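Notes follow once the structure below has been shown.
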Amino acid sequence: MKLINIALDGPAAAGKSTIAKRVAAQLSMIYVDTGAMYRAITYKYLQQNKTEDFSQLIDSSELSLTYDEEKGQRVILDNYDVTDFLRENNVTNNVSFVASKEAVRTFAVKKQQELAAQKGIVMDGRDIGTVVLPDADLKVYMIASVEERAMRRQKDNEQRGIDSNVEQLKQEIADRDNYDMTREISPLKKADDAITVDTTGKSIEKVTEEILSLVTEIK
């Protein structure tokens, strides 16, 4: 198969990262977790007591992705592995705000496009098919009900030892959807040529199979 780029977009907890990792592994492609980039900058923003100078924050930041055979993708921020801090509640609750800032967006998109330049990339996020990789060979827009996404996030939090409850998560997810879809810079939306995949009630294996079948249709 020729080298291609695959863009997976969709709202929070729709299953993008999990599916993207599996698709990339099945196709021997490189997975790029763009959300981790924004979470890393958000982590730094919080560590600096919510600085309002995002240009300075970015100018002082060095961000890279590395791959560990046992742990998978690792996020290195200012020469420090911050991967294990990126799913904390405080980061999750602030990442949409930080990611909406022009300086942050410009910084991350440039790095993402550099990574995809040689092709062979599976990339997930909220503006991959519309902004980052508008020429991606396959664009998928993943959705799921708020209820199911809250349950998934609750299960994920439990596995990570993070306290949360489903009702609160449902509200946070709904609020984040609204923020992501209405922000001025790179709002969450389906690309005109993207294929919608509803993951509600489907297993990880089933969704992976659906997307792999779409890949086989690329000529």
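Computed from a prediction, not measured in an experiment: that's the story for all the values here. Every heavy atom of this structure was used, including side-chain atoms; hydrogens, water molecules and symmetry mates were not.
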Which is it for Arg153 and Ser164 under the side chain to side chain contact (heavy atoms under 4.5 Å, CB included) test, yes or no, and what are the steps along the way? CA-CA 9 Å; Arg153 183 58 56 81; Ser164 59; over 6 Å; no
Could you tell me whether [X] and [Y] make a salt bridge, using a distance below 4.0 angstrom between a side-chain N and a carboxylate O?
{"X": "Arg74", "Y": "Asp84", "answer": "yes"}
{"X": "Arg176", "Y": "Glu172", "answer": "no"}
{"X": "Asp156", "Y": "Arg87", "answer": "no"}

Could you tell me if the side chain of [Y] sits less than 4.5 Å from the side chain of [X], heavy atoms only?
{"X": "Ile4", "Y": "Met29", "value": "yes"}
{"X": "Leu169", "Y": "Asn157", "value": "yes"}
{"X": "Ile6", "Y": "Leu27", "value": "yes"}
{"X": "Val122", "Y": "Ile30", "value": "no"}
{"X": "Asp78", "Y": "Ser61", "value": "yes"}
{"X": "Leu8", "Y": "Ile128", "value": "no"}
{"X": "Pro11", "Y": "Asp180", "value": "no"}
{"X": "Thr42", "Y": "Asn90", "value": "no"}

request  = Carefully, step by step, assess Lys170 and Ile173 under the rule side chain to side chain contact (heavy atoms under 4.5 Å, CB included).
outcome  = CA-CA 5 Å; Lys170 284 168 63 176; Ile173 287 172; 6.0 Å; no
Next item on the list: Say whether Thr200 and Arg149, considering side chains only, have a donor N or O and an acceptor N or O under 3.5 Å apart.
Entry: no
*Tell me yes or no: between the side chains of Lys71 and Thr83, is some donor less than 3.5 Å from an acceptor?*
no
Quick one: [atom1] on [X] to [atom2] on [Y], what's the gap to the nearest 0.5 Å?
{"X": "Thr51", "Y": "Leu46", "atom1": "OG1", "atom2": "CG", "value": "11.5 Å"}
{"X": "Arg22", "Y": "Leu212", "atom1": "CZ", "atom2": "CG", "value": "11.0 Å"}
{"X": "Lys202", "Y": "Glu209", "atom1": "NZ", "atom2": "CD", "value": "11.0 Å"}

A quick test of your reading: do over 12 heavy atoms of other residues, nucleotides or ligands sit less than 6.0 Å from [atom1] of [X]?
{"X": "Lys189", "atom1": "NZ", "result": "no"}
{"X": "Asp59", "atom1": "CG", "result": "yes"}
{"X": "Glu62", "atom1": "CD", "result": "no"}
{"X": "Gln113", "atom1": "CD", "result": "yes"}
{"X": "Glu114", "atom1": "CD", "result": "yes"}
{"X": "Gln159", "atom1": "CD", "result": "yes"}
{"X": "Asp163", "atom1": "CG", "result": "no"}
{"X": "Lys155", "atom1": "NZ", "result": "no"}

Quiz prompt | Aromatic plane relationship, Phe97 with Tyr45 - under 30° parallel, 30 to 60° tilted, over 60° perpendicular | solution = tilted
- request: Just do the salt bridge (Lys or Arg N to Asp or Glu O under 4.0 Å) check on Arg105 and Asp127 with the steps written out, would you?
  value: CA-CA 10 Å; Arg105 211 83 203 171; Asp127 64 346; 3.1 Å; yes
Minimal heavy-atom distance between Ile185 and Arg183, with the atoms involved, is O-NE, 3.1 Å
